[in-house]
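Single-structure report; data block below.
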Amino acid sequence: MTGPPPAGWAVAPETAGAREIVPGLWRLRLPTGWPGIDHVNAYAIDRAQGDGIVLVDCGTAGDPSCVAALEVALEAAGGRTLEDVRLLVATHAHSDHIGTAPVVVARGGAELWAHPDSTHFTAAFREPERIAAARERRARREGVPEARLEAYRTTREEQEGVLDLVTPGRALRDGDVVDSALGPWEVLETPGHCPSHVCLVQRERRLLLAGDLLCAAFVPWLDYGCSPDPVAEALASLDRVEGLGEITHALPGHGRPITDVPATIALTRAGFARRLDATRAAVAQGPAGAYAIATRMFGEEDDIEATGHLTEVLGYLRHLRLRGEVVRDRADDDDTYIYRGGS
Ligand SMILES: [Zn+2]
Ligand SMILES: [Zn+2]
């Protein structure tokens, strides 16, 4: 995701749990070590003819207790085990959603199906030195102070948060179908949060597996530098979900099932509009680097908050630059970027 890892990855497995959303579909609530993100959801869906389950996402790794928590949640979901998993589907390549994938596919003999545009995450795992150097160059250009560079360059989160990378058995694309006892789930490419993000819709039952596109609270994350305009992509993905018509349950990667989907989409759009306004206002205070602009918006923060917010603010600045509202110049005396209001 970019940024330092949590202070510790260990979780209390007994705090994992499961709840049946509709017959044959379970929400697995998996604890995480992240400050402010105390859990991530995975979903277990029955396959036809009692042939095991489809697991959608599988939680973070980083400590053996994370796999133990997944096992506790599966047991709570009608006595399932990792051996019951016939297919693992990833909503997107972030450590909290694919961390334990190697164990899941090994134990159940499952395939992983995932969107192929995953280098936004996998590059830091495969080539940590190259990506750390690139992150440091970017942090310097955006005005991150010398004393903080380590937090902005590290690839520890990507390296520690997954057990390993699993090569997908199928590259998921728009319109692909995942079969289940509840009927077919159709894949929707929904980038913005990150390029590899997909949702799955079960049209007859009006169910949506929403990944990190939707959450009952507005907690945005935008991977920056991997696609042309993450904000526009996120807004277009919300339009796509809205275009599905009525959804009775949107099942997010974090938080409880969402039953008022139009209200949550409206809240998410309003949240982005507010943050874009806050970015415009911060730029209007005078030409500055992105780090300074993020500090104007969010104040002094710890490393995890600050790295996440810089990534997000770079997404807003990029969006506003593409619309001519913000201009990016190169400083005269060094290599840093300075942002100012457009004419
Ligand atoms: Zn995510
Ligand atoms: Zn997530």
Side-chain angles (χ1 to χ4, degrees), residues 1-6 9 11 16 27-43 55-62 66 69-70 73 88-101 104 112 114-125 155 157-162 165-166 172 187-200 208-227 230-231 233-234 237-238 241 250-258 264 268 271-272 304-305 307-312 314-315:
M1 288 195 277
T2 78
W9 294 97
V11 299
R27 172 193 177 200
L28 310 181
R29 189 182 182 285
L30 308 172
T32 82
W34 287 98
I37 311 174
D38 67 346
H39 73 278
V40 58
N41 298 321
Y43 294 92
L55 187 62
V56 178
D57 292 340
C58 57
T60 185
C66 298
L70 177 59
L88 174 62
V89 175
T91 59
H92 62 293
H94 277 162
S95 60
D96 52 330
H97 297 258
I98 58 164
T100 66
V104 174
L112 169 68
H115 194 277
D117 291 350
S118 60
T119 51
H120 66 88
F121 182 86
T122 58
F125 187 88
T155 56
E157 187 267 321
E158 288 91 342
Q159 291 172 282
E160 296 174 9
V162 296
L165 298 178
V166 175
L172 287 182
V187 172
L188 296 180
E189 294 180 353
T190 45
H193 177 72
C194 64
S196 63
H197 198 281
V198 300
C199 293
L200 293 113
L208 181 79
L209 291 157
D212 285 354
L213 174 64
L214 283 180
C215 184
F218 179 66
V219 188
W221 178 278
L222 300 167
D223 270 11
Y224 174 75
C226 316
S227 64
V231 175
E233 290 149 27
S237 293
L238 293 173
V241 166
L251 306 170
H254 305 270
R256 294 192 177 163
I258 297 163
T264 303
T268 309
F272 281 127
I304 289 179
E305 292 169 329
T307 49
H309 278 146
L310 181 64
T311 304
E312 190 189 331
L314 286 169

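Ligands are counted one by one from 1 in listed order, and the atoms in each one are counted from 1 as well.
Contacts of Ala124 classified as side-chain contact (heavy atoms from CB on, under 4.5 Å), with partners at least two apart in sequence or in another chain: Ile131, Arg135, Thr155, Glu158. Listed by chain and number, the residues in a salt bridge (Lys or Arg N to Asp or Glu O under 4.0 Å) with Arg27 amount to none (sequence neighbours excluded).
For the pair His115 (side chain) and Thr91 (backbone), a donor-acceptor distance under 3.5 Å is absent.
At a threshold of 2.8 Å, the Zn ion (ligand 1) has a backbone or side-chain N, O or S atom of His193 nearer than that distance. Checking His92 against the Zn ion (ligand 1), an N/O/S atom falls under the 2.8 Å cut-off.
Between His92 and His97, the two ring planes are tilted [angle within 30° to 60°].
With the Zn ion (ligand 2) as the vertex, NE2 (His97) and OD2 (Asp96) define an angle of 90°, rounded to 10°. Considering the Zn ion (ligand 2) as centre, the angle to OD2 of Asp212 and to NE2 of His254 is 110° (10° rounding).
Its N, O or S atom nearest to the Zn ion (ligand 1) is what matters here, and for His94 that atom is ND1.
Residue Asn41 comes nearest to Arg29 through the heavy atom pair OD1-CA, 4.1 Å, listed as atom of the first residue, atom of the second, then distance.
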